[in-house]
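Letters A, B, ... are given to chains in the order of the sequence lines, protein chains preceding strands, and every chain is numbered from 1. Heavy atoms only: backbone and side chains are in, while hydrogens, waters and symmetry mates are out.
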Amino acid sequence: MALVGLLQGCKKGQLGDGAGTGSGERLSAFMKRCEDEVRLAVSEAHGRMDLVKVPMPKEMKGSLAGFSAGSAREASVNRFGMAIDLDLCNGCGKCILACNTENNVALVTDEEAARGRFMHWIDMRGGAPFMCAHCGDAPCEKVCPTGAANHTPDGISAMMYKRCTGSRFCGANCPAKARKFNFNDAQELGLVRKLNYDVPLREKGVMEKCSLCLHRLQNDRMRFKTEAAIAGSNAEWRGRGVKTACAEACPRNAIVFGNWLDPESPLVKAAQGRQLYAPRELAEHDPAVVFMMGKR
Amino acid sequence: MKVLVAVLCLFCAFLTADFIWSQGETPVRTGVSGFEERAGDGVRAGMESRGLESRGVPFDHALHGDSIGLDCAACHTGSKSGARAYMPAKSDCMDCHRLPLTEKPGIEKLDSALADAPEHPWKAVSQLPDHVVFHHGVHSAAGVTCADCHGGRGAVARAVDDREAIARDARNVPNYERNVYGGLKIDMKTCLQCHKGETFKERNFKPAATYCAACHR
């Protein structure tokens, strides 16, 4: 409670005078712009998804490209992912807004918006949300010259923004084009505000994409490990109870977040007996974010 | 039995009297007043160095730590289990300083200083960047002691009381590897050395994560 109060307090102080954004815009006005942009993105969404059947994701198949030194040492019991229920999703776009405010995703200029080029980590494709699939054998990570795109043992394709030099190789090599590049200096243009203090703002010239709400998982992992150590228990962290912002915001619970390797996870329970799909171009790369439709 | 109780009482009374008396004899230190001027030059040379910005309350770590049986977490709440260690507010000081200690002349001075102090006399000048995750509690729970990163207890005391000694130390160390507490300057290299098991070998810590997203976001 105290922490929530503190965060709220910080937000108030920060947003009241518009400090840090270079603009005196009120929070309500900024939020209105965010909502308008999401509405525009949903209404103008085009592109289709060519879905093919995939089995339920298991341990990662890839070689943990980029940063295998630390990962090899600790074989993880987790692989985080999501399943999007296409039978429930009606494409309302609330997940996009929730994601934008959770991850401080920048707005774009009017010209870019007119061309349908948004910074959103979730796109509407064929009437359903589409985000980075956190492929076990991720093509984007293999071409990163600086190691900024790398995998965690928990199956998250993570971005280290401070390492990114903006070569954009990863974006070019992603078959699903799930990555977005910061062409603008969003802070300078007043296109972004630090609504969530847990997520850093991205600079100009940096690639970004869905992080599976990495900050929530990190915070939960630290909390869990502290409590386990104090209690003297040897329990393994499974990320239970964590939800991504989009999964939390979905009014129809069509997005389920969880741990593919944990039989207790709501994700495994939801995907049990369902037919899973992935976009054709990603299917061979062992995606952790999949779509559910109908019974198997 | 009665004799034993009487002896115990006498012993306790002696301890208390000795403590109060020694408090009276030792003038309350106001040595922090020079900190602000000197903080600029030698002490905060490293980008990652953390500073303690005192706002006028005379404070002596040596009088508040082990000597009266308090560990760091008593005032720096959260350091043992929370994500971050907090600085105490004035109300935390007043929890203890309402005791009859005020009858002694030296303490009256402290009392008036406390009364005049702002609600939050100390400000943590934390420079942890927002793309770095550091959970204070998880390190403490894993067996890392305060002194491992912040320097020995003497170092913390010196940090507040004897800025010159710290600056002198700093000049003797090549590349200035000391933080304001007299401990090692904390940067990613320091973190990684311990996480890889290169330092603190004798302590047998559990292997720590070294993949990027364990500590970065």
Of the backbone (N, CA, C, O) and the side chain (C-beta and beyond), which part of A:Met160 lies under 4.5 Å from a heavy atom of chain B, both, or neither? side chain
Residue part contacting chain B, namely of A:Asp154, when any heavy atom lies under 4.5 Å: side chain
Which heavy-atom pair separates B:Lys80 from A:Thr226 by the least distance, and what is that distance? O-CG2, 4.3 Å
Residues in residues 202-214 of chain A near chain B [non-hydrogen atoms, under 4.5 Å]: A:Leu214
Shortest non-hydrogen contact from A:Pro200 to B:Arg217? CG-O, 3.7 Å
For residues B:His216 and A:Gln218, report the shortest heavy-atom separation together with the two atoms involved. O-NE2, 2.9 Å
A:Ala176: side-chain contact (heavy atoms from CB on, under 4.5 Å) partners, not counting sequence neighbours: A:Arg125, A:Phe130, A:Cys174, A:Glu281, A:Leu282
Between B:Asp130 and A:Leu201 the two heavy atoms that sit nearest each other are OD2-N, 4.2 Å
Supply the atom-to-atom distance B:His139 NE2 to A:Met222 CE, rounded to the nearest 0.5 angstrom. 6.5 Å
Please state whether the side chain, the backbone, both or neither of B:Ala213 comes within less than 4.5 Å of a heavy atom of chain A. both
Heavy-atom contact with chain B under 4.5 Å, split by part of A:Lys162: side chain
